[in-house]
2 protein chains.
Amino acid sequence: MARLPLYLRALSALSERGVPTVSSEELAAAAGVNSAKLRKDLSYLGSYGTRGVGYDVEYLVYQISRELGLTQDWPVAIIGIGNLGHALANYGGFASRGFRVAALLDADRAVAGQRIAGMVVRHMDDLEQIVRDDHVSIGVITTPAPAAQGVCDRLVAAGITSILNFAPTVLSVPEGVDVRKVDLSIELQILAFHEQRKSAVDPAAPDLPAAAQPAASPAGGPAGDLPEVMPA
Amino acid sequence: MARLPLYLRALSALSERGVPTVSSEELAAAAGVNSAKLRKDLSYLGSYGTRGVGYDVEYLVYQISRELGLTQDWPVAIIGIGNLGHALANYGGFASRGFRVAALLDADRAVAGQRIAGMVVRHMDDLEQIVRDDHVSIGVITTPAPAAQGVCDRLVAAGITSILNFAPTVLSVPEGVDVRKVDLSIELQILAFHEQRKSAVDPAAPDLPAAAQPAASPAGGPAGDLPEVMPA
DNA sequence: AGGCTTTTGTGAACGTGTGCACAAAGCTGA
DNA sequence: TCAGCTTTGTGCACACGTTCACAAAAGCCT
Ligand SMILES: NC(=O)c1ccc[n+]([C@@H]2O[C@H](COP(=O)([O-])OP(=O)(O)OC[C@H]3O[C@@H](n4cnc5c(N)ncnc54)[C@H](O)[C@@H]3O)[C@@H](O)[C@H]2O)c1
Ligand SMILES: NC(=O)c1ccc[n+]([C@@H]2O[C@H](COP(=O)([O-])OP(=O)(O)OC[C@H]3O[C@@H](n4cnc5c(N)ncnc54)[C@H](O)[C@@H]3O)[C@@H](O)[C@H]2O)c1
């Protein structure tokens with residue numbers, strides 16, 4: 001389940017505060033989910049709760065870490081050391097959660113060789129060797145969008161089976177390779193969408209404020225602006 | 001719908017290549033979704049397709065932009081100009097999609113005053129005034145996690161109703177305020193989870209490789225490692 | 001002009017995820 | 001030891017999103 005990391009974070013915070021046990025209600029509130037959902041998620045891992053008491057925090061941290069595969073630490077490689085690659089390389093939050101930045105790579109020979117966060121940026125030529133020697137199985141793509149598919153293909157060919165993609169492109173990969181994407185523009189656009197909804201017919205019923213309009217105007221400009229992009 | 005931005009991106013690419021029309025099949029492939037799903041999503045906006053031909057690319061771009069509220073451009077403020085805030089400030093990909101970085105803010109007086117990407121970083125003291133004067137309605141939080149909730153509260157108090165949060169915390173906000181989060185650690189943990197599944201019982205049936213074990217051992221260490229975190 | 005091909009729009013079945021509600025289970029205190 | 005209280009684990013119903021499949025519509029070719 002994709003919510004386990006959330007629970008793990010909340011549990012870690014409790015653990016650091018020395019809290020010995022939590023009820024599903026408390027933990028659910030901390031993670032921002034429904035308590036029944038949380039209990040069902042946890043029961044999927046097995047029955048690790050005590051009725052009338054709750055869950056043992058330390059034990060649950062261990063069980064979830066185990067389920068997520070965080071008892072080992074995963075070497076990750078970051079490809080494309082520009083603005084974003086820099087920020088990720090300097091970010092200390094990975095190491096604390098079972099991930100280790102094993103290598104920084106870039107195609108630009110002016111970038112390769114630089115020291116960033118105590119590591120030397122390697123050139124893409126060394127990709128295959130690095131993946132093999134350091135057993136890297138997770139790759140992070142922070143190259144410009146046009147280069148992303150090519151980089152992805154090379155990563156897959158080198159044996160990487162999990163990719164985190166920051167470039168705004170749909171990557172196609174063979175079966176057995178997992179891709180997750182982080183796309184800021186999409187997040188902002190979704191926010192803008194809701195923002196527009198809010199400001200549309202604020203006082204009255206917030207139902208379908210603008211979407212009902214276009215159907216009413218058969219061929220002319222729907223709202224009077226930008227008619228030049230209308231079809232013939 | 002959260003998929004509209006994806007369609008919009010694919011359509012923009014087609015538009016730049018001068019393609020006049022697309023079928024739902026082609027567009028679905030480009031966006032990485034099912035064609036029936038795509039048609040249903042688009043039909044939700046109204047009937048903008050021609051049977052036997054497909055959809056007019058330019059027209060659809062306009063309609064989706066309109067639905068998402070991208071015909072206007074949204075001023076955003078970035079709070080916390082550290083590693084990540086820097087990268088976002090330098091990123092050119094926002095402007096091209098209807099977003100404008102209106103202000104950079106930081107609580108550190110050593111950071112405020114610096115010029116980044118042609119803008120002067122402002123101090124948090126000016127937050128309320130900036131939000132009011134520039135009509136900022138979207139805030140991006142890139143401060144350390146412990147500061148996030150406090151910053152969030154100030155943003156909300158200042159009148160911001162949409163927040164994009166990069167700090168690994170659950171933000172609580174009053175009703176009417178939208179929060180979306182981007183959490184790298186969670187993404188990596190999900191990848192690690194699948195990665196572990198793949199490598200677990202690779203040749204045989206990949207069913208529930210490790211989860212069935214703990215129930216069999218009533219009180220001892222479940223698999224022999226890390227017994228010190230087991231409960232009493 | 002009329003049939004043929006292509007592609008949309010949508011009805012209906014399906015699967016999944018969510019949340020309520022409650023019985024069973026364990027702890028606590030008398 | 002036993003009653004009472006708290007909290008888990010889960011059966012069940014419901015709502016949502018996804019996918020198939022097909023009829024209606026539009027263009028095209030003869
Ligand atoms: N900077 C941000 O805040 C931000 C935000 C959202 C999305 N993104 C996306 O992240 C990606 C990177 O953004 P950025 O601002 O860091 O860009 P950037 O131009 O600063 O950095 C890109 C780096 O990738 C390297 N590179 C180019 N082609 C390569 C290849 N084939 N193999 C290996 N390395 C290669 C370049 O040498 C450069 O160092 C882009 O796709 C961008 O759209 C960035
Ligand atoms: N750097 C990354 O690649 C990365 C990746 C994932 C998540 N994150 C998260 O993003 C956040 C920022 O990361 P970073 O590496 O940029 O951290 P950073 O320490 O480099 O930057 C944080 C900035 O926030 C400012 N700040 C602190 N408290 C503030 C407040 N109350 N109001 C306004 N500004 C304040 C600091 O002055 C600093 O400039 C963190 O929560 C981190 O967990 C970062």
Side-chain angles (χ1 to χ4, degrees), chain A residues 1-7 10-11 14 19-61 63-64 67 170 186 190 193 207-208 211-212 214-215 218-219 231-232, chain B residues 1-7 10-11 14 19-61 63-64 67 186 190 193-194 207-208 211-212 214-215 218-219 231-232:
Chain A
M1 287 292 181
R3 283 183 297 269
L4 289 181
L6 238 105
Y7 304 156
L11 284 165
L14 291 169
V19 179
T21 60
V22 258
S23 70
S24 61
E25 208 74 48
E26 294 169 297
L27 186 53
V33 299
N34 183 291
S35 69
K37 199 193 301 189
L38 180 133
R39 286 199 298 277
K40 207 156 252 178
D41 288 346
L42 294 185
S43 76
Y44 172 78
L45 308 182
S47 290
Y48 303 124
T50 308
R51 296 172 187 226
V53 178
Y55 298 89
D56 183 288
V57 173
E58 296 298 328
Y59 185 47
L60 209 47
V61 165
Q63 286 299 341
I64 294 180
E67 180 73 11
V170 178
I186 286 186
I190 294 172
F193 171 74
D207 218 5
L208 5 152
Chain B
M1 286 291 182
R3 283 183 297 270
L4 289 180
L6 242 112
Y7 304 155
L11 284 165
L14 291 169
V19 178
T21 61
V22 259
S23 69
S24 62
E25 208 74 48
E26 296 169 295
L27 185 54
V33 299
N34 184 292
S35 69
K37 198 194 303 190
L38 180 133
R39 286 200 298 275
K40 206 153 249 179
D41 288 346
L42 294 184
S43 77
Y44 172 78
L45 308 182
S47 291
Y48 301 126
T50 310
R51 296 173 188 227
V53 177
Y55 298 89
D56 184 288
V57 172
E58 297 297 328
Y59 186 48
L60 210 47
V61 164
Q63 286 299 341
I64 294 180
E67 180 73 11
I186 286 186
I190 294 172
F193 171 74
H194 289 119
D207 219 5
L208 5 153

Chemist: In whole angstroms, how far is the C1' atom of dT8(D) from the OH atom of Tyr7(A)?
Modeler: 15 Å
Chemist: Quick one: which of dT8(D), dT10(D), dG27(D) gets closest to the side chain of Ser23(A)?
Modeler: dT8(D)
Chemist: Scan nucleotides 17-25 of chain D nucleotide by nucleotide, 5' to 3', and note B when protein non-hydrogen atoms come under 4.0 Å of the base, S if they reach only the sugar-phosphate, - if neither.
Modeler: -SBBB--BB
Chemist: Over all heavy atoms of both residues, which pair between Ala28(B) and Ser35(B) is shortest? Give the atoms and the distance, please.
Modeler: CB-CA, 3.5 Å
Chemist: Closest heavy-atom contact between Glu67(A) and Tyr44(A)?
Modeler: OE2-CE2, 4.4 Å
Chemist: Rounded to whole angstrom units, what separation is found between the OH atom of Tyr55(A) and the P atom of dT6(D)?
Modeler: 18 Å
Chemist: Test side chain to side chain contact (heavy atoms under 4.5 Å, CB included) on Leu27(A) and Leu11(A) and set out the steps.
Modeler: CA-CA 8 Å; Leu27(A) 186 53; Leu11(A) 284 165; 3.9 Å; yes
Chemist: To the nearest 0.5 Å, what is the distance between CG on Leu60(B) and OH on Tyr7(B)?
Modeler: 10.5 Å
Chemist: Please report the closest heavy-atom contact between Ala31(A) and Leu6(A), naming both atoms and the distance.
Modeler: O-CD2, 3.0 Å
Chemist: Whole angstroms only, please: what is the CG-C1' distance between Leu38(A) and dG17(C)?
Modeler: 15 Å
Chemist: I want to confirm an ordering. Mapping Val53(A) and Thr50(B) to their closest nucleotides on DNA chain C, which one lands closer to the 5' end?
Modeler: Thr50(B)
Chemist: OP1 or OP2 of dT8(C) versus the side-chain N and O atoms of Ser24(B): is any pair under 4.0 Å?
Modeler: yes
Chemist: Is there a side-chain polar atom (N or O) of Tyr44(A) under 4.0 Å from OP1 or OP2 of dG17(C)?
Modeler: no
Chemist: Roughly how far, to the nearest 0.5 Å, is the CE atom of Met1(B) from the CG atom of Leu42(B)?
Modeler: 10.5 Å
